[in-house]
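So the structure is just underneath, and the comments pick up after that.
Everything quoted here is computed from the prediction, not taken from an experiment. Every heavy atom of this structure was used, including side-chain atoms; hydrogens, water molecules and symmetry mates were not.
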Amino acid sequence: MFKNYTLYSLGIILFYTITACEKPPKLPTTNIQLKIVDTNVSEGEKKRGIVNIQKRLESVGAKNISITEQEDQKITFNYEGNIKPQTFEKAFSVSGKLEFFEVCNDKAVIYQELRKIYASELQKDELLTQTSAEIESMDTVLGINIIDNSNMSIFAVFPEENMAKVTKTVLQKEPFFVSKLKRKIKFLLGKEKDRGNHELYAVYVNAENKAPIDGSYVIDVSVTESNYNDSYLINIKKNEEGAKIWEELTTHVHQTHGNIAVVVDNIVYSAPSVLSGGISGGNSEISSNLNREEAAILAAAIRSGNVPKVEIVKIEVVKETESKK
């Protein structure tokens, strides 16, 4: 019995000795070089963007990140981790610029303002009455089909083949002041829902051409499964200051029977109405028939903060390092 006990004890000692001597799995040390392709980025925005890029890399599993800034807007991030290139491509497919706008539903007023702006192209010296023929003429000039329904938040729709024209005549147009509304508006593209067809929204901007509330107020982002279909929701919580602005905005939109455009990277994901008064607590959500992967990528982008538009220049493995247990 003593002999068996001794052999058992030796077996245990040998097992732990072998286990202790085993080397931990090696993680590759990799360089990923990114180039900022957005030409309108200030030095301050660049610095904030680099911090947010690091957060984005950490969200997909990168560890021990070091950063080297280079010429021509190139930045190299050295990190440890076994991350597939496709994961990076998806992570940086969105900038994560989150904004909330009040939708302008006064389509007739916007239409008249656009007629003034494009009067020469319409070959009209003065404003005429709104007729079906004139609407068709305006549609031809702008490349859009204006929705003649004041109850819809969508301003217009257009087919894929008109994208170049709509981008030039409407989407790239600077925000402009509408005297009858006494406010400035701009146009935004809606998230593509039907292949080959696009939606166009008109939204109000403030004096600085910005949204009343954006992602800088966000303190938490999570993803949950929708109760209504097989899609996923992105839940957003704002800080105290953001919650106050959000309540004021939703109260106003409720009183005016309007809509709020939920916008990421200048794309309107949804434009819900506010049915039950101002929303307190600073909570909101993005719901646009997102699948699990889309929701996770978008949530991670919003959570890490807005980054400038970048392209991946190269990814190269430098060496393998032992992972720390």
Side-chain angles (χ1 to χ4, degrees), residues 19-38 41 45-70 73-98 214-226 230-239 264-265 267 269 285-286 288-325:
T19 303
C21 292
E22 285 181 353
K23 291 184 178 181
K26 291 183 177 182
L27 293 175
T29 298
T30 306
N31 286 336
I32 177 171
Q33 188 179 65
L34 304 175
K35 180 178 181 179
I36 298 175
V37 296
D38 191 342
V41 176
E45 290 172 332
K46 180 180 177 181
K47 289 185 181 300
R48 288 192 297 273
I50 291 173
V51 172
N52 291 341
I53 289 172
Q54 181 173 350
K55 292 179 182 177
R56 191 83 55 94
L57 291 172
E58 289 171 344
S59 73
V60 296
K63 298 179 180 179
N64 301 323
I65 300 172
S66 61
I67 304 167
T68 305
E69 292 189 46
Q70 296 155 317
Q73 296 288 68
K74 292 179 182 178
I75 310 154
T76 296
F77 295 83
N78 179 280
Y79 67 91
E80 293 177 11
N82 191 12
I83 305 165
K84 296 178 180 179
Q86 300 93 316
T87 302
F88 284 123
E89 291 173 3
K90 291 177 180 178
F92 291 104
S93 63
V94 292
S95 295
K97 181 183 178 183
L98 174 67
D214 59 26
S216 63
Y217 298 95
V218 172
I219 57 175
D220 189 35
V221 184
S222 61
V223 175
T224 56
E225 191 171 358
S226 172
D230 294 329
S231 65
Y232 288 79
L233 308 174
I234 299 175
N235 305 294
I236 299 167
K237 185 172 181 59
K238 306 168 193 65
N239 62 19
V264 182
D265 296 348
I267 299 294
Y269 274 70
E285 67 179 31
I286 298 176
S288 186
N289 291 322
L290 301 169
N291 62 37
R292 184 196 292 269
E293 185 180 49
E294 288 174 329
I297 292 171
L298 202 56
I302 295 170
R303 188 183 298 111
S304 63
N306 180 34
V307 301
K309 187 176 181 180
V310 298
E311 65 179 21
I312 299 173
V313 179
K314 62 180 179 180
I315 302 175
E316 58 182 5
V317 177
V318 181
K319 62 179 181 179
E320 292 186 344
T321 58
E322 293 181 0
S323 64
K324 296 178 182 179
K325 285 193 172 182

Between Asp214 (side chain only) and Leu98 (backbone N and O only), is there a donor and an acceptor less than 3.5 Å apart? no
Counting only heavy atoms not in Asp230, do more than 12 sit closer than 6.0 Å to its CG atom? no
With sequence neighbours left out, the residues meeting ring pair (Phe, Tyr, Trp, His ring centres under 6.0 Å) with Tyr79 are Phe88
Interatomic distance, CG@Leu233 vs OG@Ser226, rounded to 0.5 Å, equals 4.5 Å
Heavy-atom nearest pair, Ile234 first then Ala299, reads CD1-N, 3.9 Å
Taken in chain and number order and not counting sequence neighbours, the residues that satisfy side chain to side chain donor-acceptor pair (under 3.5 Å) with Asn239 are none
Margin query: Any non-hydrogen side-chain atom of Asn82 less than 4.5 Å from a side-chain atom of Pro28?
Written below: yes
Residues Val60 and Ala91: closest non-hydrogen pair is CG1-CB, 4.1 Å
Output side-chain donor-acceptor pairs under 3.5 Å for residues 304-311, partner residues at least two apart or in another chain, one line each.
| residue | atom | partner | partner atom | Å |
| --- | --- | --- | --- | --- |
| Ser304 | OG | Arg56 | NE | 2.7 |
| Ser304 | OG | Ala300 | O | 3.1 |
| Ser304 | OG | Ala301 | O | 3.2 |

For Tyr232 and Ala295 the tightest heavy-atom approach is CB-CB, 3.8 Å
Sorted by chain and number, sequence neighbours left out, side chain to side chain contact (heavy atoms under 4.5 Å, CB included) with Gln33 holds for Gln70, Lys74, Thr76, Val313, Lys314
Glu89 meets the salt bridge (charged side-chain N to carboxylate O under 4.0 Å, His left out) criterion, sequence neighbours left out, with none
Taken to the nearest 0.5 Å, the spacing of Tyr269 OH from Leu298 CG works out to 5.0 Å
- Query: Checking side-chain contact (heavy atoms from CB on, under 4.5 Å) for the pair Ile312/Leu34: CA distance, chi angles, key distance, verdict?
  - Reply: CA-CA 5 Å; Ile312 299 173; Leu34 304 175; 3.7 Å; yes
Across all chains, not counting sequence neighbours, the side chain to side chain donor-acceptor pair (under 3.5 Å) partners of Thr87 are none
Hits for side chain to side chain contact (heavy atoms under 4.5 Å, CB included) against Ile50, two or more places apart or cross-chain, chain-then-number order -> Lys46, Ile67, Glu69, Ile75, Phe77
With sequence neighbours left out, the residues meeting side chain to side chain donor-acceptor pair (under 3.5 Å) with Glu285 are none
Paired with Val51, the side-chain contact (heavy atoms from CB on, under 4.5 Å) test is passed by just one of Lys47, Gln54, Arg48, Lys55, namely Lys55
Contacts of Ser66 meeting side chain to side chain contact (heavy atoms under 4.5 Å, CB included) (sequence neighbours excluded), chain-then-number -> Asn78
So salt bridge (charged side-chain N to carboxylate O under 4.0 Å, His left out) across residues 289-301, not counting sequence neighbours, yields Lys90-Glu293
Side-chain atoms of residues 217-225: list all donor-acceptor pairs with protein atoms under 3.5 Å, sequence neighbours left out, distances to 0.1 Å.
| residue | atom | partner | partner atom | Å |
| --- | --- | --- | --- | --- |
| Thr224 | OG1 | Asn235 | ND2 | 2.9 |

Residue set satisfying side chain to side chain donor-acceptor pair (under 3.5 Å) with Ser95, at least two apart, ordered chain then number -> none
Scanning both residues in full, the closest heavy-atom pair of Gly61 with Ile83 reads C-CD1, 3.7 Å
